[in-house]
4 protein chains.
Amino acid sequence: MIRFNNDYNRGAFSDIMQALSEDACQSHAGYGTDDWCDKASDTIRKLIHRKDADIWYFPGATQANYVLIARALTSVQSVVCADTGHINAHEAASIENTGHKILELPNKEGKIDADQVKKVAEAYYGEEAEYLTEPKLVYISFPTEQGTIYSKEELKNLSLVCREFGMYLFVDGARLPYGLGASNNDVTLEDLALYTDAFYLGGTKCGALFGEALVLLNKDLKPRFKAYMKQNGAVMAKGWLMGLMFHTMLSNGEYFEASKRADQYAMQIRAAFEEKKIPLMADSYTNQQFVILSDENADRLSEDFVFEDCGRDERGRIARFCTSWATSEEEVEKLISVIQEL
Amino acid sequence: MIRFNNDYNRGAFSDIMQALSEDACQSHAGYGTDDWCDKASDTIRKLIHRKDADIWYFPGATQANYVLIARALTSVQSVVCADTGHINAHEAASIENTGHKILELPNKEGKIDADQVKKVAEAYYGEEAEYLTEPKLVYISFPTEQGTIYSKEELKNLSLVCREFGMYLFVDGARLPYGLGASNNDVTLEDLALYTDAFYLGGTKCGALFGEALVLLNKDLKPRFKAYMKQNGAVMAKGWLMGLMFHTMLSNGEYFEASKRADQYAMQIRAAFEEKKIPLMADSYTNQQFVILSDENADRLSEDFVFEDCGRDERGRIARFCTSWATSEEEVEKLISVIQEL
Amino acid sequence: MIRFNNDYNRGAFSDIMQALSEDACQSHAGYGTDDWCDKASDTIRKLIHRKDADIWYFPGATQANYVLIARALTSVQSVVCADTGHINAHEAASIENTGHKILELPNKEGKIDADQVKKVAEAYYGEEAEYLTEPKLVYISFPTEQGTIYSKEELKNLSLVCREFGMYLFVDGARLPYGLGASNNDVTLEDLALYTDAFYLGGTKCGALFGEALVLLNKDLKPRFKAYMKQNGAVMAKGWLMGLMFHTMLSNGEYFEASKRADQYAMQIRAAFEEKKIPLMADSYTNQQFVILSDENADRLSEDFVFEDCGRDERGRIARFCTSWATSEEEVEKLISVIQEL
Amino acid sequence: MIRFNNDYNRGAFSDIMQALSEDACQSHAGYGTDDWCDKASDTIRKLIHRKDADIWYFPGATQANYVLIARALTSVQSVVCADTGHINAHEAASIENTGHKILELPNKEGKIDADQVKKVAEAYYGEEAEYLTEPKLVYISFPTEQGTIYSKEELKNLSLVCREFGMYLFVDGARLPYGLGASNNDVTLEDLALYTDAFYLGGTKCGALFGEALVLLNKDLKPRFKAYMKQNGAVMAKGWLMGLMFHTMLSNGEYFEASKRADQYAMQIRAAFEEKKIPLMADSYTNQQFVILSDENADRLSEDFVFEDCGRDERGRIARFCTSWATSEEEVEKLISVIQEL
């Protein structure tokens, strides 16, 4: 059985495993105050051309999302996001658990646009009614939960409306390099650093054993940030593990290359499905491909592959096929050959 | 510089590093539903002789503490613990952040006793006053934050008073094997499984890269436990990493042996301090030794060693010297030789 | 200027004012443990034919809503309600502030139906996914925020689906007697006591100075309820004031009669609007009438009356005209005469 | 039976009752945006000589306490108060329920002093450790829960240490006029406005049916304050009731006179106890007197009077005798005559 169900089913880049082994007998300062974290953070600051950015390492993405939001908002402020946003649909109400309402907007292939956000902002800021909470932060995912990406123009427009109304723009980058590596992408790391107030470079799904590197750009978000992390159990004792992993995969470039390759594999798989007239759920150019399978086809594919069951619509079973930094050419060829025989 | 400042300044047992490397090319089911976690959990259930226990893996101890407590309590229930308890003094009010009051009791060398707990329980349960919160869970650390341990008798008495009043007994075991391995210890893993409602086997400080294995014994705590973990970002995508690490170090016995050795080293260091009439803060037989140093002695030791600065009392600087699963005989000899020359 | 903007712009029934004056020199037990509360609660228990009900008095409806919900739910459970529900749209995210997600359903004239609830319940209870919160409580308003009411059949069906899936049904009765008194109503107080787990009889909008009488029916909601109230500042020191007011207006029947009269007045006003072909927003038979006015008509009505501005749609300005227990025949006649001249 | 158990066992000043009756047929704007609240707030601003103060009316004191604190603090900030502080000992963990830790200081007759606060502040601000929460607000009660009061000097010193470390000083004034009217008091309303960031004038215990008037002085606390109130159900629909009551009793002076008279009565009662060598718990010059009674004396007094049972110490039963704005000369004489016969 080959796992195409997600992008977090295998360990880490071999360079990372080797670096970890070599480092195992070294001792380090705790809680992220070590040299590896310093190195990784410098590397990130250079990549995004923002010397002033604060970088923080989280074990997982749910924590990165809700801790940033808990830090950014008062209890009478709320989050705006797509109804399909990860924080709204997959994280067990972690945001509400910290006391904040999510104002969900109907998505278009996983995305929301500046006009939708503007309407919400105008409705509130037009009257500052005390019976409503202030929509203070816009959360988007890049790529989205459906594999789609925002264009530079779309990102810029979201940024402009946020700045007009004094709202934060926060980008969930759990799969960031898969977005950056997509053939239809025109957004760069520097754009993200320019247009957002905070975003993160995912590690868990992109070649590290675990870890997300959060980039804080807006200075209002920086004071006492580590206390919020600590309060939510997000400061790892052996923080250097994440510093080592991010430094390794960012400085050797594998972080970006492996994701790009995964995107290309995904497009080959997509092409195979399209050739068979198997419908797609969204126009994704990244590593996640959502297709609608007949029961027969789903059963056939299940014999050799693990893929994610995403429910049903009236046309059939919705299935996610996901490549990753670790996916091999052979695995892809095997999958395509089975698709072709459907 | 040799680090004696804590027990989480080095990576992991070499057996663990090797197992991780060998496993790196395997794919696994996500979120702790994999074979490694199953194996590790079976191993733990056998060690504690409780087939019915639920085992959950947390990336870190702060999460394990506050998620268990959030699961156990309603918002009108509170926690009883020592004023020096880790949740009260070191975790940035994570418990209050989830809405619960901590009723702190004055510690004796880091410990509280059954009589103290009984008084709190009687005061509340005598009247069930609506202006007070119900003291529903007793939190202790084994060993404590000062390196001391509870005897089997003390643990049993705490357990009895908890059962009398319908309270949970929860043991923070971030350093559990250092307690079990102490020369004055008479508590076994089976005792913990008998006398508590939940406890955990620490990984981060005891030879794993990270991770804590929480053992849920009381059936009232089990339903929907994973949703609480998810809501607080405590379910790791690559949960198998923790399964692999716990299985490895528990089944080869190194988890217990290395900690016991660390305790023995700590006692040698303690003896060296005592010989020099350097006062101890607490009567610790575990890997943490708190001593009171003159400025001169502290400065001398700082030349070669990193130790933890714990403030001052009227007698001088309070310093923690901590051995770990990774401490070597040479390091200990080096430290002792410097102490002898003070 | 005559206020038709809401039903809480005047003090209280004259019988209540007199009873308060007569009682002013008496001393009472505090925090609702007095004779007046006992009397009022007995009166309510008789009206609903449920001797087992617990009755609690809240100063205001927002508190009654969120405290009941905080009591009913764990942090991994959520509320289902109409998108227009008062707790979702008018109470500054009080529910999310206590840590709970609201799953909003699209309303039909302010209402939701059993099928909608069933779909949500099935989606969750079909898999009990740990990344979702459990939809444990259904909140409806009777009458709704648009003045419409549920029929006995609709209420029963909601109740059945709730019982099927183990969910609570909670009815916000801030305007309860206006619903009971509507010409199209077939729901009785006994029906509410039969079909719901908790509901309240509004006082603030129905003839008392303030206060809501919450009826707890499901025994799972009863233990320690007062502690939740206390924790949220909802236990009034002089609780007897609410006991006195509810007892007075319930036992003399004015609570029901005055609301019924207000409904009749509202229907006369509605008829006047309809005669003028002024469109209604919803088919309301209760004291709230929502109409869509041209700017010209709105301006003309503003000269003599205060009404509530509810924004705009493409047809014009949405205005609420609200009668109350205190509305007089003359005021209604005056309004109708102006409408007729539009 | 005469009630001396508390100061909230009777309705309201007769002037208030009359004003309420006269106003009953008037209609008003809702949610505190009415003329009565404007008048009352102007009256308060004049009394404290602070035109810039924002005034907000709360139904009860627990709400006033926790909403102010929720507004003032982020989730990584905490409250400093006496262990006997009302928010710590009588309000069902309402502060922790909103996510904040209370750092309790040992009281001296209900009070804390500037040195104690300074020590806490220095410990934190010396290192801004991320594992601690920031002690950002100091809460005191005037008078305290034991009936004692702060001198102007003590208040000023608390204020200075708060300003030095950037902390807020908040005074719970649920019994404020009983403190101002005490024979040993040298604090004025203007002093409170000068030395604190927020305080309130209690209504519930001082002659109103209910209500507390919160005075916001520090401009950092003002933005969006009403949204916090709304979110916690503290904005009364008929807010004008509180405006009317505060305006009435403040402008006719009865608020201050009746409390002063109650203090004098309390001192007569105290003198009677002292003559009988019955020990006092605290050196109170206000309306609350705590004495230690033998069982025999307690039983004798219970025959004619209701007083509050506050537990036991080694000397006997602790009892609170409380006069109020409504206590009559006859009631006091009756009590004294019985004390004299003990």
Side-chain angles (χ1 to χ4, degrees), chain B residues 29-33 37 54 56-58 63 66-78 94-101 103 124-125 127-137 165-167 214 216 220-237 239, chain C residues 29-33 37 54 56-58 63 66-78 94-101 103 124-125 127-137 165-167 214 216 220-237 239:
Chain B
Y31 298 117
T33 61
C37 284
D54 281 2
W56 296 102
Y57 300 92
F58 285 79
Q63 282 184 308
Y66 87 76
V67 173
L68 183 283
I69 288 170
R71 171 65 187 85
L73 304 186
T74 68
S75 74
V76 296
Q77 297 178 327
S78 52
S94 61
I95 303 306
E96 290 87 352
N97 188 46
T98 63
H100 304 289
K101 192 178 189 70
L103 301 164
Y124 172 80
Y125 290 99
E127 41 176 338
E128 291 220 24
E130 71 263 8
Y131 54 84
L132 292 179
T133 45
E134 186 181 355
K136 184 71 181 176
L137 182 145
F165 291 95
M167 300 186 290
L214 180 72
L216 288 188
D220 294 343
L221 298 173
K222 294 176 185 176
R224 294 282 288 151
F225 193 78
K226 200 173 183 180
Y228 286 86
M229 292 181 66
K230 190 79 186 166
Q231 185 170 67
N232 289 288
V235 181
M236 259 204 155
Chain C
Y31 299 118
T33 62
C37 284
D54 281 2
W56 296 101
Y57 299 93
F58 285 79
Q63 282 184 308
Y66 87 76
V67 173
L68 183 282
I69 289 171
R71 172 64 188 85
L73 305 185
T74 69
S75 74
V76 296
Q77 296 179 328
S78 51
S94 60
I95 304 306
E96 289 87 352
N97 188 46
T98 62
H100 303 290
K101 192 178 189 70
L103 300 164
Y124 172 79
Y125 291 99
E127 41 174 340
E128 293 220 22
E130 72 263 7
Y131 54 84
L132 292 179
T133 45
E134 187 181 353
K136 183 72 181 173
L137 182 144
F165 290 96
M167 299 187 291
L214 180 71
L216 288 189
D220 294 344
L221 298 173
K222 294 176 184 176
R224 294 283 288 153
F225 193 78
K226 199 172 183 180
Y228 287 86
M229 293 181 65
K230 189 82 185 165
Q231 184 169 69
N232 290 287
V235 181
M236 259 205 156

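Worth saying up front: this structure is predicted, and the values here are computed from it rather than measured. Naming convention: chains lettered A, B, ... in sequence-line order (proteins, then strands); numbering from 1 in each chain.
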Legend entry - Pick from C:Leu132, C:Val76, C:Thr74 with the largest number of heavy-atom pairs that fall under 4.5 Å of chain B: C:Val76
Inset, instruction - First locate atom CG of B:Leu73, then atom OG of C:Ser75, and finally report the distance between them rounded to the nearest 0.5 Å. - result: 11.0 Å
Inset, instruction - Select, from C:Lys226, C:Arg71, C:Met229, the one with the greatest count of heavy-atom pairs under 4.5 Å involving chain B. - result: C:Lys226
Inset, instruction - Pick one of side chain, backbone, both or neither for C:Thr98, based on which atoms fall under 4.5 Å of a heavy atom in chain B. - result: neither
Inset, instruction - Check whether any side-chain N or O of B:Glu130 sits under 3.5 Å from a backbone N or O of C:Lys230 as a donor-acceptor pair, and report yes or no. - result: no
Inset, instruction - Check B:Gln231 against C:Thr133 and note the closest heavy-atom contact, atom names and distance. - result: NE2-CG2, 4.2 Å
